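To start, the structure under review is shown below, and the notes come after it.
Here the structure is a predicted model, which means the values were calculated and not measured. Within every chain, numbering begins at 1; the chains are lettered A, B, ... in the order of the sequence lines, protein sequences first and strands thereafter.
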Amino acid sequence: MASERIKEFIASSLWGKNLTAEQRRRVDNETSELVASAGQTVCHRGVRSEYWYGVVEGLVKVSNVSRSGRPTTLVGIPAGGWIGEGSVLKNEIRPYDVVALRDSRLALVPASTFHWLLSTSLPFNRFLIDQLNARLAQFVIRVEHSRSFHPDRHVAHCLAELFNTALYPGTATTLQISQEEIAFLAGVSRQLANRALRRLEDEKLLQVSYGSIRIINVEALRTFASNPED
DNA sequence: TCATTAAATTGTT
DNA sequence: AACAATTTAATGA
């Protein structure tokens, strides 16, 4: 049985709020909670995907360590976001690690519950389509950026995605994250991330401080990512 | 509460 | 990648 905290999280989530009372009762019953401390791997690569994860508070990343030991972060998920539906849908071995970037609280929806929702709830399906579509758009833009070397734009885009209110309604304007992690997230060097952040601060799009950033204008950040004035 | 030290993060080459 | 500078957290008087 989920804690009050988790119940509230589900009830206010983009898909949970549209379930019937009966459906929500079942989800509440079957969802569990996981508290992860900073740096902890929530779910290891190579394990069969048993859960769909919701980020109640904190920040997690989906990452991969190459054979040569180089870490690559594919996507960051702040509070309010959901992750892991791809593997649960395909019932496959999880291809990536899910790691907590700082102390985080997660909601664990079992794969069986997930599939039941998929076959009974139209709003749930709608949410999944929106989520997958948003991810697709995110990666399409990334491919575009990877072909033209514009690290400032790219970092701006990655940050804007992190503050995407359509995907992560719970995200506050301030996020605790180091510049090093932002660099991993954007797939650029720390130097470039540092340079981009100060450029974006100059443009009054965000404010950087020790170990955290505050977004001042998400829309402008998005615009900057696609329409730089340089 | 304050000073000292270690650890984390940032700035620079 | 390496190093220096800065900020925060932890410790103990």
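Distances shown here put every side-chain N or O of A:Arg195 at or beyond 4.0 Å from the OP1 or OP2 atom of B:dT13. An OP1 or OP2 oxygen of B:dA8 is reached within less than 4.0 angstrom by no side-chain nitrogen or oxygen of A:Gln179.
Ring orientation note: the planes of A:Trp15 and A:Phe127 are tilted relative to one another, at an angle of 30° to 60°.
Here C:dT7 presents its P atom at 14 Å from CG of A:Asn194, a figure rounded to the nearest Å. Residue A:Arg102 contributes atom CZ, which lies 16 Å from atom C1' of C:dT8 at whole-angstrom precision. Atom CG in A:Leu175 sits about 13 Å away from atom P in B:dT9, given to the nearest Å. The distance from atom CD1 of A:Ile182 to atom P of B:dT9 is 12 Å, rounded to the nearest whole Å. Rounded to whole angstrom, the span from the CG atom of A:Leu101 across to the P atom of B:dT9 amounts to 11 Å. In this structure, A:Leu197 atom CG and B:dT9 atom P are separated by 14 Å, rounded to whole Å. Distance A:Glu180 CD to C:dT6 C1': 16 Å, rounded to the nearest Å. Between A:Gln176 atom CD and B:dT10 atom P there is a gap of 11 Å when expressed in whole angstrom units.
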| Given the rule in the side chain to side chain contact (heavy atoms under 4.5 Å, CB included) test, do A:Leu14 and A:Trp82 qualify, once you have shown the distances and angles that lead to the verdict? | CA-CA 10 Å; A:Leu14 292 169; A:Trp82 292 84; over 6 Å; no
Show each protein N/O and nucleotides 2-4 of chain C N/O combination with a separation under 3.5 Å, one pair to a line.
none

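Between A:Glu201 and A:Arg198 there is no salt bridge, since no side-chain nitrogen of the basic residue lies less than 4.0 Å from a carboxylate oxygen of the acidic one.
The side-chain hydrogen bond (donor to acceptor under 3.5 Å, both in side chains) test applied to A:Ser209 returns A:Ser212, not counting sequence neighbours. Annotation: ring pair (Phe, Tyr, Trp, His ring centres under 6.0 Å) contacts of A:Tyr96 (sequence neighbours excluded): none. Legend: residues meeting ring pair (Phe, Tyr, Trp, His ring centres under 6.0 Å) with A:Phe184, ordered by chain and number and at least two apart, are absent. Taking the ring pair (Phe, Tyr, Trp, His ring centres under 6.0 Å) definition, one finds that A:His157 meets it with A:His145, sequence neighbours left out.
DNA chain B is contacted by A:Ser209, A:Tyr210, A:Gly211 of residues 207-217 of chain A, taking any non-hydrogen atom closer than 4.0 Å.
Within a 6.0 Å radius of CD in A:Glu92, other residues, nucleotides and ligands contribute more than 12 heavy atoms.
A donor-acceptor pair shorter than 3.5 Å cannot be found between the side chains of A:Arg190 and A:Asn194.
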